[in-house]
Structures are given as structure tokens and as C-alpha cells.
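Each remark here refers to the structure printed beneath this line.
Proteins come first, then strands; the chains are lettered A, B, ... in the order of their sequence lines, and each starts at number 1.
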2 protein chains.
Amino acid sequence: MANIKEIARIAGVSVTTVSRVLNNHPYVSPDKRAAVLQTIEQLNYSRNMNAVHLITGRTRVVAVVLPFINLFYFSLIMEGLAHEALLAQYRLVLCQTNYEPEEELHVLEMLRNKEIDGVVIVSSALKPEVIEEFTGYGPILTCQDNGPRQFSSVYVEHYAAFREGLDYLAAKGHTAIGYCEGRQQGSSSLIRQTAYRDFLQVQGWPVHEEWISFGCRTEEDGAAELHRLLALNSRPSALLIAGDHVAAGLMLEARKLRLRIPEDLAVIGFDNQPIGRLLGLTTIDNQLYEMGATAFRLLLRQIQGEETEPVHHKLEYRLIERSSV
Amino acid sequence: MANIKEIARIAGVSVTTVSRVLNNHPYVSPDKRAAVLQTIEQLNYSRNMNAVHLITGRTRVVAVVLPFINLFYFSLIMEGLAHEALLAQYRLVLCQTNYEPEEELHVLEMLRNKEIDGVVIVSSALKPEVIEEFTGYGPILTCQDNGPRQFSSVYVEHYAAFREGLDYLAAKGHTAIGYCEGRQQGSSSLIRQTAYRDFLQVQGWPVHEEWISFGCRTEEDGAAELHRLLALNSRPSALLIAGDHVAAGLMLEARKLRLRIPEDLAVIGFDNQPIGRLLGLTTIDNQLYEMGATAFRLLLRQIQGEETEPVHHKLEYRLIERSSV
DNA sequence: TTGTATGCGTTATCAG
DNA sequence: CTGATAACGCATACAA
């Protein structure tokens, strides 16, 4: 494949002039520009971007770290990221890590290796301190609430959001409230769990460990959870479920069992997914798309040097009242 | 940041030796290797991959072209792709194109520009002939049935799959069958539409254009479609709906209206999504995850030169009987 | 407005 | 086993 040198030779100009044309620099006479463009056309030339990346030290690529892409939560954030990346003419490298720390570190290494200009960590198994070790190599941003770290973040306050959900249930007269969670050790999961336990304590209600369930990730898990609860001697009258799709699985199973919602069991979901909308699920919207979009915009500012200090951007959650409570 | 030259100087060896250590080449004496490794550690050195990409002409990056990531269909294929990419130590660049041809061309340009080693086109607005113009720059693979093209493909026969769905409905006694589609002009959409029209013709049934609907993409669209059909004078007794989530929206709306499924209206979905499983939706499974995984594996073989001719790999669809027919 | 010369950081080549 | 040197293809400081 032809290179810039050959274009220069054939067009009868210097490589510098070719480079100028390629990068739309001023100070190139119209006839030389035309000659270069024609030669480029004629030889079907195209730049080797790796050389450009090497010399400029930039790649216009941002990596995204998440465990699985085929979950509504992640793919909606990704959509927001991708939309903004498209606008900014950046590329996203999707790093589906399956929560394996080794793979997550791999991505951070890419930052060191100059393969990418920045990293968005949507969800990770790494400790914040480990992430912080890489901040020197380029901008990093997480979509979790990690406190005042050396890397940026865009987040919603899950503690307050959960608290609002619990308050809402309490206001509706519920005093027996259960809780369904996906991961047990996740950064956000832990925050939500704390919110739940704190709430019970403040209310002076006992903690029923059997009303708390971890590992509820799929629709089927939601259905199974309902059966588990029904088998208990004493059971909650309301549930807070992290993940609308899990709540949906539970609700549909409840219908099959001719359980009425909310009369027999009230449910609040989390994330505001389409399936919840369809089922009339009361839920808490976390602005996932906006989170992705904002994350990219903030990271871009840092890549472009317009912002040098870590930024911590809070997004507002919103309780969406429907008919499941 | 330190470079290979500095490592060589400090370790007291040549850059070649450092490079050999970096790439685990044999023929390096243990003591020199140790010296290099220690210096690397000491200087916190890491490779500039852009230089590696430039000289090797490879990047271990594959681009994925799709319109939106936040649709079950696409994100499941992406999951399959990502899983295999992880295994092969390749990276995926997600190019969410919103079906804009300009953006899709951009990605193919990346192949010319040596930024990526290959392209997977999951769904695209480009004509196959346009894609073919880029096959000289590196391996390209689509997830659509484009016939014997100069690029590879992994696909399911939507024509046959739809035909099987229609046969199934007919076997159940339905003679008034409607059809819901997402895009009107998409490559797969056109194939399915042909299958539908051909089927009616073979059966000798008239085509009711008002039983055909395009632009049904969301759950809400499904619900709206039901209302549209109910307002007709004569309406179908069964529906074939491309996309389980759309079918789900319709089914849940039917429940609200106290319409019985399948007695009042039979429904077959497409894609086998979790929501369909939950609702007892009879559907056609298209092996989306497997499609992504297979796509990556095939493309990788071509990148590695183990396969030089375009490959066309057919995946089997499967009708999943549940209770909506 | 144009061109020359240099450097980006690595791997490949080839001679020892 | 080791090393000197030539690529890879481009952008840019500097000189003209």
C-alpha cells in the first residue's frame, strides 16, 4: 500500500505538504493541494493510523469496562456512551470482563500502553485503590459511587434512592419489607444493603435475614424468589427488588399463582426498564442512558485537557409511581 | 516514560535483547533476561503498543457494526462476540451506527487504515456490493444472509424459519395470519417479508395489507399494534411477530383487554428472549449468542490466515413451542 | 507557502 | 546467543 512518501513523490511535492493536506492545514496552495488529492485518489491511498497514533500519542479510543453486555442495565449505559462517542468521533472498545479482575487490569494496562486515551469503568470487581494506581496514565471514570477518589465518577446515590423506596413503602403502611439483590459484594450492592439495614434500624424493626436474598439476577430468579418467600412462615408484605427484570419475573409468577399485586405483595423495582413499564411496576429510575452519555462527555473533557482534576458528577434518581405498590 | 532504548542502556544489553525478552523469544541467556526484567520493573516500563501495531501491521482489534446496543437481539450477539474475543485476547471496538451509512463506512475505513484487523457487521444499512469493495483490506463477516458474497457470513435462514412458523400456525388451523416487522427495508426483514408473502400465495390466501405492520420495534409498539388490529373489520386469528419483546408488549396488552391468548389471538415471536419465556410465548430461537461466538471464531481464522476464502456458516433455528399458539 | 531533517518506539533482518 | 541497523508511516520544528 502506498504511503505518504510515494504520494509526495508522484504529486511532485514534499511529504510535509501531503501531511498538511491530509490534516486540512492552511498554507497549502490550491494547485498543490489539488495535485496531492488527485494522487491520493489515483493510488487509492489511505493513512496508516497506527503511525499517526504513535507520533501523536493519541488514539481517539476509549475503553469501557463492564461484566456482561447483555443486561439491560449495562447495554443502556453503553448506548449512552456510544451515542456521545459517535458525536465526538471517538471509538469505544468494549471490554466484557465477566467481573474477572485479571481482565479488568488488562484494560487498565491498555491505558499504560497508550492503546487508549481513557477508560470508563461501568462496573468492576477491582478495589478503588487498585484503580487509583492507574490514574497517572490517563483519565479514568467510574459509574459507581466510590467517594472522593483520584478518578472521576458519574453516579446516582443508591443509598438515598433505596431510602426513598423504603420510605415510600413505609408511607403506604408496609412494615414487613424484604429485599432482593443481584450481587452480594458489588460496590453498589453494598451501599444498597446498608441503606436497607439502616432503614430497618431507624424504624426499630427487626431484621429478617430470610427476607433478604442475594444472587437474584434473572427473571427466573425473581420467580424462584417468590416461591421461596411463600414457603416462609412469616413473609414480607412488600419487596424492594434491585433490577426491574427480576421484579418482572416475580410479578408474572405471582399472577400465575393468582396472587394480587400490590394487595398480597407490593413490589418496587430498580432501573426503570421497559418490561417494568409494561407491567405497571413502580420503580426507581436511575438515568442509565444519561449516565453513559455524561460519563463520556466528562471523560472527553479530561482527555482534551479541559479538566484536570477528578470530577464527581451526581445524577438524580426518580421514583416512578405505577401500580405495584 | 521510559522506552526500550533506555531499558537496554540501563540493563547493559541491546534493544534487540530487550525486545526478545518482551516477546518471550528463546535464545536469551538467563542472566541477561533477568537484568532486563529487573530494569523493566525498576523503571515501571510498559510498551507503547502503537509502535508495535505500526511495525507488525496488526492491532488485535476487531470492530463490530450494529445500530443500537440496547436491544436484546444485538446485545446478545455482542455477548457471544465479546466472550470469544476475551478468550482470544482480542479487543472489540463497538461501532453503534444508528444505521447511518456514513458511520458504517467509517468503520470499513478503519480496516483500510490498519486500525483494526477485521470487521463483524451485525446489522447494516449498506448494500452488500459496497461492503464487498472493502474485502481487499481485511476480513469482513456479516451476521446476515447475503448470499455468496466476497465476505463471510454467519446466519440463520430467516426465510425457512418464518416458513416454519407459518406452517405451524396453519397446522393449528389458522388461516388468517398477520405479520409484524421492525424495519421495512432491512436485509433480514425483506427476507422475512418475502417468506410471508410467498406463503400466502402458496396457500392461495389473499394478502391483507392491513394485517402487515412495519416499524414495530418496542414493547409499546406491540401494544399499539394490538389496538390497531382490534379496530379492523376483519382481523387475523394469529400473528407472527419479529421480536419477542414486541410480542410481549402485545400479549400483556391483550391481558389487560381480557383477550385470551391463544384462543382469541395466537402469537409466535422471534428471537427467544427471556421475556417471552416468562410469558409462555411460542417463538423461534435464532441462536444469537452462538451467532456472535461463531462469527468471532470464523473471523479470527481469517485474520490468522488459516482460512482465506469467504466462509458462509448457517446456524439452525428452532421453533420453541410454548402456550401462545 | 514549501521543504528538509528528525523523531515517535518498536520489531525485523542479518551478520557475527 | 547477541547486537547494529534498517525499516514501519507519519507529524512537526525549523529553516528557507
- prompt: Do A/E133 and A/R112 sit within salt-bridge range, that is, some charged N less than 4.0 Å from a carboxylate O?
  reply: no
statement: In short, B/A8 meets B/V15 closest at the heavy-atom pair CB-N, 3.6 Å
message: What I want to find out is whether B/E115 reaches A/R60 closely enough, with some N-O distance under 4.0 Å, to be called a salt bridge.
response: no
message: Between B/E132 and B/K127, does any NZ, NE, NH1 or NH2 come within less than 4.0 Å of an OD or OE carboxylate oxygen?
response: no
message: Counting primed atoms plus P, OP1 and OP2 as sugar-phosphate and everything else as base, spell out the protein contacts along nucleotides 10-16 of chain D at 4.0 Å heavy-atom distance: B, S or - for each nucleotide, 5' to 3'.
response: BBB----
- prompt: Do A/R183's NZ or CZ and the ring of A/Y99 fall within the cation-pi criteria of under 6.0 Å and 45°?
  reply: yes
- request: State, yes or no, whether a side-chain contact exists between B/H53 and A/H53 at a heavy-atom distance under 4.5 Å.
  value: no
field: Distance, rounded to the nearest Å, where A/R33 contributes CZ and C/dT1 contributes C1'
entry: 12 Å
message: In this structure, how many angstroms lie between the P atom of C/dT10 and the CD atom of A/E115, rounded?
response: 12 Å
field: Rounded distance in Å - CG (A/L54) to C1' (D/dA7)
entry: 13 Å
task: Give a yes/no answer on whether the side chain of A/K32 brings an N or O atom under 4.0 Å of OP1 or OP2 in C/dG3.
output: yes
d(CG, A/N50; C1', C/dT11) in whole Å: 14 Å
- request: Take atom CD1 of B/I40 and atom P of C/dG9, then tell me their distance rounded to the nearest Å.
  value: 15 Å
